[in-house]
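Here's the structure we're looking at; comments come further down.
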Amino acid sequence: MSKITKIPSEIRNFFTGKRINPAFSKFMTLLEGMRISDKDLGGKKRENCQLTNLQLFQIILILPFMAVPGFSHYAESSISKLFGGKKDILYSFMAKDNIDWRSIIQRIVCHLIKAVTIRKDFQKSHLPAVLIVDDSDLPKTGLRMESIGMIFSHVFQRCILGYKLLAMCWSDGRSQFVVDFSIHGEKGKTDGKEQGLTARQRERRYNRKRDSDCQTEKRKEEYFVSKLERLKSMVKDAIRHHIPFDYLLVDSWFVCTDLVDFVYRSHKKFHLLGMAKMGNTKYRTKSTDELTAKAILNGLKKSKSVKYSRRYRCHHSTVDVTIGGRKVRLFFCRRGKNEKWRLLLTTDLSIDFMRAYEIYAMRWSIEVFFSDAKRLLDLAGCSARDFSSQIAHVSMVVIRYNILALIKRSDDYESIGGLFADIYEGVHELTVVEKIWSIIIDVIAIVAEIFTIDENELMEQIIRDNRRLKAMQLIAQTA
């Protein structure tokens with residue numbers, strides 16, 4: 001087992017006082033303060049194992065900030081020189097079936113949300129705390145991945161190979177944290193070509209037997225579950241973990257009678273606010289029978305109930321109706337003459353259009369997460385065949401993003417991208433050190449041989465003492 005026990009501290013000590021990046025240092029501090037143990041990450045390993053599960057978790061979490069493109073480059077990186085191990089131990093850790101990633105994410109995010117809710121800027125904010133649920137594509141290129149199939153992409157308006165990621169975020173208008181996620185597939189409608197694949201393609205996909213009660217099997221059971229059902233389960237978990245929120249924000253794919261009924265039946269008081277479709281769903285008004293949204297809008301136009309907002313530069317109208325026996329408020333709005341009318345639906349009968357518009361605009365924070373996570377943290381980049389690794393990869397991205405979001409809030413960064421660039425630029429100096437690191441290793445080996453000192457003990461002493469590290473770097477530079 002490695003003598004080095006605290007990975008974040010050792011990495012901080014690697015940098016001298018002048019070179020330490022404040023954002024990077026804060027990331028390490030938050031990582032070190034997480035109450036995650038080896039037990040949470042699959043249990044303790046044998047004594048002859050080089051790194052513990054907790055150490056592997058911490059190393060993998062910080063790899064994107066250390067200029068390591070992927071696991072295949074780990075053996076040549078400075079992190080490997082510091083802590084040992086090869087790429088195989090990283091792949092093995094990610095493929096573990098018994099890690100409850102959902103529980104780990106929820107424990108971490110509850111801690112981060114508490115850190116935000118005690119701030120004065122949260123308590124004085126005019127915006128409510130909200131939960132936001134939406135899905136996004138995880139495009140893939142390998143047909144051998146476990147359970148892989150074709151999904152319909154609303155971005156490309158065609159079917160692509162990949163998974164669907166359903167995510168739930170918490171936001172207060174300034175910060176957003178990912179609370180939960182699930183990975184889904186689509187069965188398809190053609191017999192004999194389930195998931196858009198031929199029988200031979202489905203048979204050649206990676207598959208292995210697991211214990212029926214392991215965590216990965218539980219996540220696979222969600223694979224073809226309705227996203228609406230998963231949405232309700234996620235909200236129930238958020239309530240159970242006492243995550244504070246006042247509204248549930250969703251787009252038109254989730255708004256339906258079933259969801260409205262779920263919100264009304266919940267023992268926690270919160271409201272639904274979402275974009276609804278101008279389709280065939282019928283609403284009952286006070287003065288008429290059941291009508292579609294278009295018919296209700298035509299009636300509002302005739303009664304001249306449509307108003308114009310200079311602030312938002314749009315026409316809008318409000319009406320209270322019932323759907324499935326539940327009272328809801330509808331907001332019709334249109335920006336330009338050539339644009340289509342849009343429909344907002346809420347169970348909160350006390351807010352006006354201006355307030356509803358302002359709160360619903362918070363929903364875009366989850367789109368920011370999808371964009372930043374894919375662009376900066378390689379959310380869709382996992383090419384592992386094992387479904388356990390896919391879950392672990394997304395979980396790692398979520399944890400990184402949540403920590404960055406808290407640092408962004410506390411240090412007033414304009415965006416996650418700016419923060420990521422700051423951390424990466426500060427830590428990227430490590431790649432310069434890498435150029436001379438092989439020389440340092442050779443020097444240490446020679447010194448240890450001359451003075452008959454244990455090479456590992458000498459390395460550990462140098463890492464723990466920045467003055468010795470500076471001296472070794474100076475020797476290497478002049479060598």
Could you check whether any side-chain N or O of [X] sits under 3.5 Å from a backbone N or O of [Y], counting only pairs where one atom can act as donor and the other as acceptor?
X	Y	value
Asp172	Arg174	yes
His393	Met94	no
Glu186	Phe152	yes
Asn402	Val178	yes
Gln157	His154	yes
Arg334	Cys314	no
Ser125	Asp121	no
Thr322	Gly325	no
Thr346	Leu272	yes
Trp170	Pro244	yes

Going through the checks in order, is the side chain to side chain donor-acceptor pair (under 3.5 Å) test met by Ser388 and Thr216? CA-CA 6 Å; Ser388 298; Thr216 301; 2.7 Å; yes
Any salt bridge linking [X] with [Y]? Criterion: basic side-chain nitrogen under 4.0 Å from a carboxylate oxygen.
X	Y	result
Glu194	Lys187	no
Lys327	Asp320	no
Asp258	Lys232	yes
Arg363	Asp134	yes
Asp386	Arg208	yes
Asp261	Arg326	yes
Arg102	Asp100	no
Arg375	Asp372	yes
Arg35	Asp40	no

Does the gap between the ring centers of His316 and Phe353 come in under 6.0 Å?
yes
Can you confirm whether [X] sits close enough to [Y] that some side-chain heavy atom of one is under 4.5 Å from a side-chain heavy atom of the other?
X	Y	result
Val263	Lys269	no
Met275	Trp253	no
His315	Phe332	no
Val319	Ile296	yes
Leu61	Ile399	yes
Ile151	Tyr163	no
Arg329	Leu344	no

The reported gap from CD in Gln106 to CD1 in Ile113 (rounded to nearest 0.5 angstrom) is 10.0 Å
Rounding to 0.5 Å, atoms CG (Asp237) and CZ (Arg240) come to a distance of 4.5 Å
Take Tyr223 and His184 through the ring-ring contact (aromatic ring centres under 6.0 Å, His included) test and state the conclusion after the steps.
CA-CA 4 Å; Tyr223 194 68; His184 295 263; 7.4 Å; no
On the ring face of Phe254, is Lys227 found with NZ or CZ under 6.0 Å from the centre and within 45° of the axis?
-> no
message: Whether Lys268 engages the ring of Phe245 as a cation-pi pair (distance to the six-membered ring centre under 6.0 angstrom, angle to the ring normal within 45°) should be assessed.
response: yes
Yes or no on side chain to side chain donor-acceptor pair (under 3.5 Å) for Ser317 and Lys301, after CA distance, side-chain angles and deciding distance?
CA-CA 9 Å; Ser317 186; Lys301 289 178 180 178; over 6 Å; no
Has Arg342 got more than 12 heavy atoms of other residues, nucleotides or ligands less than 6.0 Å from its CZ?
-> no
Is it the case that over 12 heavy atoms from other parts of the model lie below 6.0 angstrom from the CG atom of Asn280? no
Ring-plane angle category for His271 and Tyr247, please: parallel below 30°, perpendicular beyond 60°, tilted otherwise.
tilted
Checking Asp246, Val235, Leu131, Asp348 against Phe270 for side-chain contact (heavy atoms from CB on, under 4.5 Å), the one that qualifies is Val235
Quick one: do Arg355 and Tyr357 satisfy side chain to side chain donor-acceptor pair (under 3.5 Å)? Show the steps, please. CA-CA 5 Å; Arg355 181 63 172 168; Tyr357 192 97; over 6 Å; no
Original post:
Can you list the steps and then say if Gln390 with Lys140 is a side chain to side chain donor-acceptor pair (under 3.5 Å)?
Top reply: CA-CA 11 Å; Gln390 295 289 340; Lys140 303 295 179 181; 3.3 Å; yes
Applied to residues 90-139, the ring pair (Phe, Tyr, Trp, His ring centres under 6.0 Å) test, sequence neighbours excluded, yields Phe71-Tyr91
Which of Phe181, Trp364, Tyr401 passes ring-ring contact (aromatic ring centres under 6.0 Å, His included) with Phe369? It is Tyr401
The single option from Arg205, Arg210, Arg202 that satisfies salt bridge (charged side-chain N to carboxylate O under 4.0 Å, His left out) with Glu146 is Arg210
